[in-house]
Amino acid sequence: MNSSGRLTFSAAAAGLLLLSAAGGARADGPAMPLGDTAAIPPGFLALCETQPEECAGPGASPRSLAEVRAWAGRMRWSQIFAASGLPTPVTASRALAVPGAVLPSPYPASIKVDRSRDSLRAEKDASRKAVTRKRTPGTKAVPALPAPRAPVVPPVAVAPAPPVVAAIPPRASNPTLETLEAVNRRINRTIRRSSDQETFGQPDVWVAPVGARPRGDCEDYVLAKRRALIEAGTRPEALSIALVTTRRGEAHAVLLVATADGEYVLDNLSPWVVRWDQAPYEWQERQLPGSALTWVRADVRSRG
């Protein structure tokens, strides 16, 4: 995603933030209205496939990590088929459910085919009878061909979307505004802004930057802040990645943090931490609170 340029917040939003930082009373913010489930960003699926611990959460068992990795890979191919207009193969669509779920096979457990001598003789007799000659005055004998068979198409399993797991209201976490501001500014200063093309030689790579001189774009800032907050004691289910559109029409990613006063935005384009309804963005998709593998549309009107 292109995150060039630095956005400035309105004087009103900055004033509200200064009052909050000074200890003024903060009213509970409105919850973000959510819409239907949305396609999962390919970069996120690739992250879950290569680094499943980033999606399964800290302390996940090896089995859970393996399930998340397999689910992400099959989901990624499923979306590739969907984008091309092709039906999803059964082997891929069966694994679109939440990792760990066991779906019944669309095929019978065993299919026995009777190939005895009597059955073969019966098939030949049926074939002979199927080709008959029908005579009408003034016409030649025309063999009556059997009706064409419909092409055999393998069944396509319709897998359910990952269910809502431990969904929480956006007021169930413990980080303070001061903690969020400290993490936001520290990560913003630590990571050098760089596009995925410049850093990795390919677009849309999601990874938490590491090393002495970390580089990354907006999603990488988000992942680094998410990891830092979890290490500081924030529950993972209170953290959601969100995709937005800036006033310049650029795609961008931010981190949403559920607090006792509503959801707040951690953004690499600004040192300020503001409530989601005060951020100058058009909200697109986000993770469902409490369910990192489920993405939904944000049912929010444009702030233009």
Restricting to non-hydrogen atoms, name the atom on Asp204 and the atom on Gly43 that form the minimum distance, rounded to 0.1 Å. OD2-N, 3.4 Å

Would you call Arg297 and Glu285 a salt bridge, using N to O less than 4.0 angstrom? yes

For the residue pair Arg227 and Val210, establish whether any side-chain heavy-atom pair is separated by less than 4.5 Å. yes

Mind checking the CZ-CG spacing from Arg286 to Leu255? Nearest 0.5 Å is all I need. 10.0 Å

Looking only at atom types and distance, does a side-chain atom of Asn188 sit under 3.5 Å from a main-chain N or O of Asp267, one as donor and one as acceptor? yes

Give a yes or no on whether the backbone of Cys218 and the side-chain of Asn268 come within a donor-acceptor separation of less than 3.5 Å. no

Are Pro289 and Leu34 side-chain neighbours, meaning at least one heavy-atom pair lies under 4.5 Å? yes

Rounded distance (nearest 0.5 Å) linking atom OG1 of Thr37 with atom CH2 of Trp295: 13.0 Å

The test is side chain to side chain contact (heavy atoms under 4.5 Å, CB included); show your working for Val254 and Leu269 and say whether it passes. CA-CA 9 Å; Val254 297; Leu269 297 181; over 6 Å; no

With Glu54 as reference, evaluate Val207, Leu47, Val68 under the side chain to side chain contact (heavy atoms under 4.5 Å, CB included) test and give the passing residue. Leu47

What is the minimum heavy-atom distance between Ile241 and Gln287, and which atoms define it? N-OE1, 2.8 Å

Testing the basics here: between Pro209 and Gly216, what is the closest heavy-atom pair and its distance to 0.1 Å? CG-CA, 4.4 Å

Shortest non-hydrogen contact from Ile187 to Ala228? CD1-CB, 4.5 Å

Does the side chain of Met32 reach to within under 4.5 Å of the side chain of Val300, using non-hydrogen atoms? yes

Answer yes or no: is there a side-chain heavy-atom contact under 4.5 Å between Asp196 and Asp220? yes

Would you call Leu229 and Val257 a side-chain contact if the rule is heavy atoms closer than 4.5 Å? yes

CG/Leu256 to CH2/Trp276 distance, rounded to the nearest 0.5 angstrom? 9.5 Å

Can you tell me how far CD of Glu219 sits from NE2 of His252, rounded to the nearest 0.5 angstrom? 9.0 Å

Can a donor-acceptor pair be found, under 3.5 Å and without considering hydrogens, that links the side chain of Tyr264 to the backbone of Leu177? no

Report yes or no: is the cationic atom of Arg185 (NZ for Lys, CZ for Arg) under 6.0 Å from the centre of the six-membered ring of Trp272, at an angle within 45° of the ring normal? yes

Do Pro236 and Arg226 have side chains that approach each other closer than 4.5 Å (heavy atoms only, starting at C-beta)? yes

Would Phe44 end up clustered with Val205 when hydrophobic side chains under 4.5 Å apart are linked, directly or stepwise? no

To the nearest 0.5 Å, what is the distance between CE on Met75 and SG on Cys48? 10.5 Å

Working to the nearest 0.5 angstrom, can you tell me the gap between Arg76 CZ and Glu49 CD? 4.5 Å

Check: Asn184 side chain, Ser270 main-chain N or O, donor-acceptor pair, under 3.5 Å: yes

Expected output: side-chain Thr234 to main-chain Ile230 donor-acceptor under 3.5 Å: no

When you group the ILVMFWY residues by side-chain heavy-atom contacts below 4.5 Å and let the links chain together, are Leu65 and Ile40 in the same group? no

Taking all non-hydrogen atoms of both residues into account, name the closest pair between Ala279 and Val265 and its distance. CB-CG2, 4.3 Å

Could you tell me whether the side chain of Tyr221 and the main chain of Arg193 form a donor-acceptor pair under 3.5 Å? yes

Do NZ/NE/NH1/NH2 and the carboxylate oxygens of Arg63 and Glu67 come within less than 4.0 Å? yes

